[in-house]
Amino acid sequence: MSTLGELFPGFSEERRTVRGVEIFARVGGRGPPLLMLHGYPETHACWYRVAPALASHFTVVAPDLRGYGRSGCPSADGNLRAYSKRTMALDMAAVMTAMGFERFSVMGHDRGARVGFRLALDAPKRVERLVLIDIIATSDIARLRTEGYKFGMLHGVFLSQPAPLPESLIIQDPRDWVESRFRRATLARSPDVIHPVAMADYVEMLSQADRVHATCEDYRAEHGVDLALDLDDREAGRRIVCPVDLLWASGGSLVEIADPLAVWEPWCAELVGAEIESGHFIPEENPTALIEHALPFLLANEA
Amino acid sequence: MADLPDLFPGFARHVVDVPGAEIFARSGGNGPPLLLLHGYPQTHVCWHKVVPELARHFTLVIPDLRGYGASRGTEATEEVDPQHLAYSKRAMAADFVALMRVLGHERFAVASHDRGARVGYRLALDHPDSISRLAVLDIVTTLDAWADTRKETVIGRFHWSFLARPAPFPETLIGHDPVYFLEYLLAQWTASGDLSAFDPAAMAHYRAAFRKPEVVHASCEDYRAGATSDVAFDAADKAAGRHIACPMLAIWGVDRGQGAINTPLKAWEAWCPHIRGAGVESGHFLPEEQPAATLSHLLPFLLAT
């Protein structure tokens, strides 16, 4: 079996300690900087089919979010902000600064898209272009649920339950928990669509009690401080000023909405988007279509 | 399942994703939370005759056990899970603590029948802080049931040993005519010896579920757990002298139910010294055969504080 490094040929492993937390990132390629942010229950490994392709156009920085993968896993210890998207966004901005990148584009999937969304709102001067993959803003989910939309009752509600219940159940069989995420949300209804080396990375992560806890804290923050920040921004009419490309999965939860772009319009000064034939895990399930849609968008400034 | 009759009009539908399972549940009513757990070979709809009255007093949560009805469990094999932990009552109990938390209920009462009642007493033993009161319908513990080797009991419980045989033997035989097997068992365990106690709409749910090979397999796994991990957990609790601490009610059917072969209250006293209980003129399926009598026992117990 190959190693994770072999899935990212020519990339280096970088570590930067920012804001008291060591952030791991795989970095490679040439061109303007592109920050790629993974989701749950994943690590930067999820980009193995996308990052190498984009590396001929961009200097790709693919970190692990705090708590995830190989990055530091600070104790939350009752601090609801320890895993807020604002905190994670500040980590990412600081890592890019440490690497010498002042302004950069961001591609985020799932949790990483929430971090990208927060980064674009909190640090508008730093984000050139933003690709959001298969998310609805937290406050919009809450509102649409009251209007009768279901979006399943997905694992976010479970993961955000008070500790230690979700943690104690997940740690009993991490492999089953991780694999079942892909059984639930891939178009093939199978974890087999995921590269075994990447899968091993995900299972390894959620076999560690402190990371199981940290990733639950990510969800607890979403239903707490993240939601509050979203609502504040929405009320204040704050919008993402950079161009946004929303890509959603034909087999994901956004298709329950007739027009996902309409839900995102109020957040974005400039919005484009498309549906991609895929389950929720677009970077691994349909990387070709993802690149076909995202690359022209990301390169638009260069044209 | 969308084409099946709705036996809980106005109740919400939930699909909650928890480790090892995807739990389908209905919820509705007003008052403190009450979890209703069905048994074999049924689904959550077995409660439909008592729900209108219970909903006046309680916020009801009525799920399918993992693998049953519209709830899905883990695909497990003998090689990776020889103790059938994936269908243990301990795993199912954890499902319902998580389900109730997700729906906003930290502490709740439980009324439970048959396999669901095995989950019910496991909830009370494993999660005493979460369970306020427990009612079990027509069971004794798994440990006590296996210890009863009288001829009439062993014959009456033939399905315990049959379903616990390794896959795919029972699945294959049941699969040849799942509705025949389902209806045979349902009729056998009623006082009338036929299907007259069951509402045609409820029967439609039971048949639809049993026509799904994955439901038949999961329900066999439930009984395989009953012959392995469930009995081991019971024995460990008994050896450790653990008791059910919350108020507990046991009721049973005296006609082809537990009462026909057992003295359930005596068996339960070893697990819960303060238990109360009574026999009901009914077969095994109390909530459907004798809903009024079932309510006459359940309501005073559940409403007492």
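Numbers restart at 1 for each chain; the letters A, B, ... are given by sequence-line order, proteins then strands.
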Is the number of heavy atoms from other residues, nucleotides or ligands under 6.0 Å of [X] [atom1] greater than 12?
X: R122(B); atom1: CZ; value: yes
X: R234(A); atom1: CZ; value: yes
X: N30(B); atom1: CG; value: no
X: E214(B); atom1: CD; value: yes
X: R56(B); atom1: CZ; value: no
X: R81(A); atom1: CZ; value: no

Exercise for review: Over all heavy atoms of both residues, which pair between F158(A) and V102(B) is shortest? Give the atoms and the distance, please.
Suggested key: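 Where F158(A) meets V102(B) most closely, the heavy atoms are CA-CG2, 3.7 Å.
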Review point. Where do R101(B) and Q161(A) come nearest, in terms of heavy atoms and distance?
Key: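 Of all heavy-atom pairs spanning R101(B) and Q161(A), the closest is O-OE1, 3.0 Å.
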Check your understanding: So which residues of residues 167-175 of chain A are in contact with chain B at a heavy-atom cut-off of under 4.5 Å?
Key ->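 Result: L169(A), I170(A).
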Check your understanding: At what distance, to the nearest 0.5 angstrom, does NE2 of H127(B) lie from CG of L165(A)?
Key ->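 So the NE2 of H127(B) and the CG of L165(A) are separated by 8.0 Å.
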Review point. To the nearest 0.5 Å, how far apart are CH2 in W177(A) and OG1 in T74(B)?
Key: 11.0 Å
